[in-house]
Amino acid sequence: QVQLVESGGGLVQAGGSLRLSCAVSGRTFGLYAMGWFRRTPGKEREFVAAIKWNTGSTSYADSVKGRFTISRDNGKNTVYLQMNSLKPEDTAVYYCAAKPGIATMLSNEYNYWGQGTQVTVSS
């Protein structure tokens, strides 16, 4: 019912900015919550940010508060993750995810996942 495709990853220097996009296919966006997660080799999947599609209500991990912003464009069926003041520890594969109902921070509660996009931050 829902398909997700991430894009926008790349290589940036510390202190730089990058915007990730997640194109969403489906007809029930208003019923879903969207999330961004990231994974580094040797570490578990980490919650980054989430947004409820219909209300725009957001939540963030403490590690990215004040630096990252999640948003959505209803007309383009796209979710964004604006990343500013990037640090080397932000380096990871970033995944877009979706689930019905309320937004949560638990990755195992999300039903749909994109393929991921690599973000690398150099020091």
Side-chain angles (χ1 to χ4, degrees):
Q1 186 174 16
V2 177
Q3 291 182 310
L4 311 174
V5 180
E6 303 99 330
S7 62
L11 174 64
V12 298
Q13 293 186 342
S17 298
L18 202 62
R19 188 177 76 162
L20 306 183
S21 299
C22 175
V24 184
S25 298
R27 297 185 178 183
T28 58
F29 303 137
L31 303 176
Y32 279 77
M34 308 295 301
W36 284 98
F37 296 81
R38 64 188 183 186
R39 177 177 290 171
T40 300
K43 300 179 64 176
E44 296 183 356
R45 184 186 298 106
E46 178 186 14
F47 169 77
V48 177
I51 186 170
K52 188 68 172 65
W53 190 274
N54 60 347
T55 67
S57 178
T58 61
S59 60
Y60 297 92
D62 290 340
S63 60
V64 305
K65 285 182 179 178
R67 300 189 299 120
F68 290 11
T69 302
I70 186 172
S71 62
R72 86 280 193 247
D73 187 320
N74 292 330
K76 296 182 178 180
N77 294 337
T78 301
V79 178
Y80 302 98
L81 184 68
Q82 179 66 46
M83 304 182 293
N84 299 325
S85 301
L86 283 163
K87 306 174 181 179
E89 50 263 46
D90 294 319
T91 295
V93 177
Y94 284 71
Y95 296 90
C96 181
K99 66 181 293 294
I102 63 172
T104 72
M105 299 182 292
L106 303 176
S107 62
N108 59 6
E109 295 186 357
Y110 285 75
N111 304 92
Y112 306 97
W113 294 84
Q115 83 287 355
T117 185
Q118 177 70 48
V119 172
T120 302
V121 184
S122 62
S123 60

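The shortest heavy-atom contact between Y60 and I70 is OH-N, 2.9 Å. Shortest non-hydrogen contact noted between R72 and G56 is NH2-N, 3.6 Å. Taking both residues in full, the closest heavy atoms of W36 and C22 are given as CZ2-CB, 3.7 Å, listed atom of the first, atom of the second, then distance. When every heavy atom of M34 is checked against every heavy atom of C96, the shortest pair comes out as CE-SG, 3.9 Å. Contact record, T78 with W53: N-CH2, 3.8 Å, taken as the closest heavy-atom pair. For N74 against N77, the heavy-atom pair with the smallest separation is O-OD1, 3.0 Å.
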Return a table of donor-acceptor pairs under 3.5 angstrom between the side chains of residues 8-21 and protein atoms on other chains or two or more places apart.
| residue | atom | partner | partner atom | Å |
| --- | --- | --- | --- | --- |
| S17 | OG | N84 | OD1 | 2.9 |

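For the pair V64/R38, a side-chain contact is recorded, criterion being any heavy-atom separation below 4.5 Å from C-beta on. Considering only heavy atoms from C-beta on, Y110 comes within 4.5 Å of T104 through its side chain. Proximity of S63 to E46: side-chain heavy atoms (C-beta onward) are separated by under 4.5 Å at one or more points. In this structure, the side chains of D73 and S71 stay at 4.5 Å or more apart for every pair of heavy atoms.
Taking the six-membered ring where the residue is Trp, Y112 and Y32 present tilted rings, their angle falling between 30° and 60°. Aromatic ring orientation, F68 versus Y94: tilted (interplanar angle from 30° to 60°).
Formation of a donor-acceptor pair under 3.5 Å by the T120 side chain with backbone atoms of T91 is not found in this model. A distance-only check finds no donor-acceptor pair linking the side chain of T58 to the backbone of A49 [under 3.5 Å].
Both M105 and W113 belong to a single network of hydrophobic side chains, linked directly or stepwise wherever heavy atoms of I, L, V, M, F, W or Y lie under 4.5 Å apart. Hydrophobic clustering (side-chain heavy atoms under 4.5 Å, transitive across Ile, Leu, Val, Met, Phe, Trp, Tyr) groups L81 together with V2. Grouping the Ile, Leu, Val, Met, Phe, Trp and Tyr side chains by contacts below 4.5 angstrom, directly or via other members, places I51 apart from F37. Placement of V24 and V48 within a single hydrophobic cluster is found when ILVMFWY residues are connected by side-chain heavy-atom separations under 4.5 Å, directly or transitively.
Taking 4.0 Å as the cut-off between side-chain N and carboxylate O, D90 and K87 do not count as a salt-bridged pair.
Crowding of Q3 atom CD: a count of heavy atoms from other residues, nucleotides or ligands under 6.0 Å not exceeding 12.
Checked against side chain to side chain donor-acceptor pair (under 3.5 Å), R45 has the following partners two or more places apart in sequence or in another chain: S107.
Taking CG of L4 as the reference point, atom CD of Q115 lies at 9.0 Å (rounded to 0.5 Å).
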